[in-house]
There are 2 protein chains.
Amino acid sequence: MTEEEQVLIHCLYFTASRFARNITKLAENTLDGGDLAPSYLYMIMIVKFNPDITQKELCTKLSIAPSTSTRFIDKLEKQKLVNRKADGKQTFISLTEEGEKVYDRFRASLKEMFARYSDVLGVDFSLDLSKKLHEASNKLEKEL
Amino acid sequence: MTEEEQVLIHCLYFTASRFARNITKLAENTLDGGDLAPSYLYMIMIVKFNPDITQKELCTKLSIAPSTSTRFIDKLEKQKLVNRKADGKQTFISLTEEGEKVYDRFRASLKEMFARYSDVLGVDFSLDLSKKLHEASNKLEKEL
DNA sequence: TCCAAACATTTGTATATACAAATGAAAATG
DNA sequence: CATTTTCATTTGTATATACAAATGTTTGGA
């Protein structure tokens with residue numbers, strides 16, 4: 001292993017941010033979100049499985065800043081894909097009918113994306129990597 | 001496993017982009033790059049181990065767009081951390097003395113960052129994850 | 001030898017995302 | 001109950017990053 005690679009495997013920031021750029025490009029090319037970028041689909045997916053989720057909880061599950069969540073929801077609301085229900089300090093988010101349809105389209109196109117990358121990386125490798133990233137995010141989110 | 005998690009582990013885009021945000025935040029807080037964001041340190045690291053690298057090669061190794069590389073190098077050159085050597089179509093990049101110093105400072109602070117996250121994730125898990133992300137990026141970069 | 005095609009870099013512009021400060025609402029405490 | 005504290009969201013602003021078009025350079029035919 002070269003010294004360069006030694007440094008790389010000791011810096012998860014380097015390897016993770018590069019990988020994120022690669023997989024984002026693939027997602028932009030293969031996920032069907034109409035005119036929505038993949039990150040909006042991520043939010044829609046989370047809302048789908050957590051109806052009436054608060055904005056704060058969304059921030060945690062997506063690891064985004066509160067200000068980012070405001071802007072994302074603004075856009076999704078304008079497109080009538082989600083509803084905001086303000087109650088005191090909190091805001092609750094849920095999908096509209098139209099939002100459910102976008103989710104279903106995304107869900108179908110996800111198969112295609114999975115096929116594309118697991119063809120290159122291997123199915124087991126891909127599932128394992130994704131699971132590890134998920135676990136790791138939860139731990140970092142909680143303990144840092 | 002919940003249905004939400006089933007979707008997550010089938011979508012590397014979701015898990016990788018969230019993880020990248022988490023680890024980026026940690027990197028911003030712990031890596032010592034003076035006033036440079038972590039992504040600039042990544043570029044400096046690659047140049048350190050590949051003196052006189054072309055811009056195109058940098059783009060491949062970092063998985064960034066050519067326009068992004070131009071802007072990064074503009075900034076690093078303005079701070080006298082790298083040199084541009086134009087030759088025909090290509091541009092060759094190398095570190096200045098000052099750039100080497102920035103690398104050395106980064107290198108020292110990397111130990112701290114590694115300690116922070118491997119404390120939460122485990123040393124073996126962290127090294128393994130980083131290695132897998134590195135391999136996966138190389139494959140996606142080559143075959144997609 | 002000249003032109004067309006290929007290629008690397010740069011510039012114009014748009015967007016996802018962040019942080020810090022501002023706002024608005026609830027809860028706690030005297 | 002009145003006021004301070006705490007908390008969730010929003011707004012102002014900055015930056016990393018991308019794509020598409022423009023520019024500049026080389027190379028391979030005709």
Side-chain angles (χ1 to χ4, degrees), chain A residues 13-14 16-29 31 33-44 52-79 82-93 141, chain B residues 13-14 16-29 31 33-44 52-79 82-93 141:
Chain A
Y13 164 74
F14 290 163
S17 59
R18 183 185 180 208
F19 181 75
R21 285 191 287 274
N22 277 303
I23 201 81
T24 296
K25 202 181 297 177
L26 180 62
E28 282 164 348
N29 291 334
L31 289 184
D35 65 343
L36 291 172
S39 42
Y40 292 89
L41 296 175
Y42 193 178
M43 181 175 274
I44 285 175
D52 280 317
I53 189 174
T54 64
Q55 223 168 299
K56 188 176 176 9
E57 183 69 9
L58 259 183
C59 290
T60 304
K61 277 181 173 277
L62 296 170
S63 295
I64 57 176
S67 56
T68 304
S69 74
T70 296
R71 265 130 194 169
F72 273 47
I73 294 166
D74 283 351
K75 182 161 171 177
L76 293 177
E77 199 184 27
K78 195 168 295 173
Q79 301 197 13
V82 304
N83 286 128
R84 264 190 171 103
K85 207 184 307 166
D87 178 22
K89 282 194 289 203
Q90 290 165 77
T91 304
F92 298 90
I93 312 294
E141 183 75 41
Chain B
Y13 165 73
F14 289 163
S17 59
R18 183 185 180 209
F19 182 75
R21 285 191 288 275
N22 277 303
I23 201 80
T24 296
K25 201 182 297 177
L26 180 63
E28 281 164 350
N29 292 335
L31 288 183
D35 63 345
L36 291 171
S39 41
Y40 293 89
L41 296 176
Y42 193 177
M43 180 175 273
I44 284 173
D52 281 317
I53 190 173
T54 63
Q55 224 167 299
K56 186 175 180 2
E57 183 69 8
L58 259 183
C59 290
T60 303
K61 276 181 173 279
L62 296 169
S63 297
I64 58 176
S67 56
T68 305
S69 74
T70 296
R71 266 132 193 167
F72 273 47
I73 294 166
D74 284 351
K75 181 161 171 177
L76 292 178
E77 199 183 29
K78 195 169 294 174
Q79 300 196 15
V82 305
N83 286 128
R84 263 190 171 103
K85 207 183 307 164
D87 178 22
K89 282 194 288 203
Q90 289 164 80
T91 304
F92 298 91
I93 312 295
E141 184 75 41

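This structure is a prediction, so every number in the text was calculated from the model and none was measured. Proteins come first, then strands; the chains are lettered A, B, ... in the order of their sequence lines, and each starts at number 1.
As judged by a 4.0 angstrom heavy-atom cut-off over every strand, Arg71(A) is placed among the base-contacting residues. Counting non-hydrogen atoms under 4.0 angstrom, Tyr42(A) reaches nothing in the nucleic acid.
Summary of the strand contacts: Gly88(A) and Ala37(A) both lie near DNA chain C, and taking for each the nucleotide with the nearest heavy atom, the more 5' one is attributed to Ala37(A). Heavy-atom distances to DNA chain D give each of Lys25(A) and Lys56(A) a nearest nucleotide, and the one nearer the 5′ end belongs to Lys56(A). Where Arg21(B) and Ile73(B) each meet DNA chain C at their nearest nucleotide, the meeting point lying more 5' is that of Ile73(B).
Think of the region where chain A sits on DNA chain C: with heavy atoms and a 4.0 Å cut, that region ends 5' and 3' at dA16(C) to dA26(C).
Of the residues in residues 61-70 of chain B, those with a non-hydrogen atom less than 4.0 angstrom from any atom of DNA chain D are Ser63(B), Ile64(B), Ala65(B), Ser67(B), Thr68(B).
Ionic pairing of Asp74(A) and Arg84(A) is present here: one or more N-O contacts between side-chain nitrogen and carboxylate oxygen are shorter than 4.0 angstrom.
A distance of 6.0 Å separates NZ of Lys61(A) from CD1 of Ile53(A), quoted to the nearest 0.5 Å. Between the CZ atom of Phe14(A) and the CG atom of Leu41(B) there is a distance of 6.0 Å, given to the nearest 0.5 Å.
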Verdict with reasoning, Thr91(A) to Ile73(A), per side-chain contact (heavy atoms from CB on, under 4.5 Å): CA-CA 11 Å; Thr91(A) 304; Ile73(A) 294 166; over 6 Å; no

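In this structure, Tyr13(A) and Tyr42(B) have perpendicular ring planes: the angle between them is above 60°, well past the 30° mark.
Side chains of Glu141(B) and Thr60(B): no donor on one and acceptor on the other come within 3.5 Å. Remark: the Arg21(A) side chain and the Ser63(B) side chain contain no N/O donor-acceptor pair separated by less than 3.5 Å.
For the pair Pro66(B) and Lys56(B), the minimum side-chain heavy-atom distance is 4.5 Å or more.
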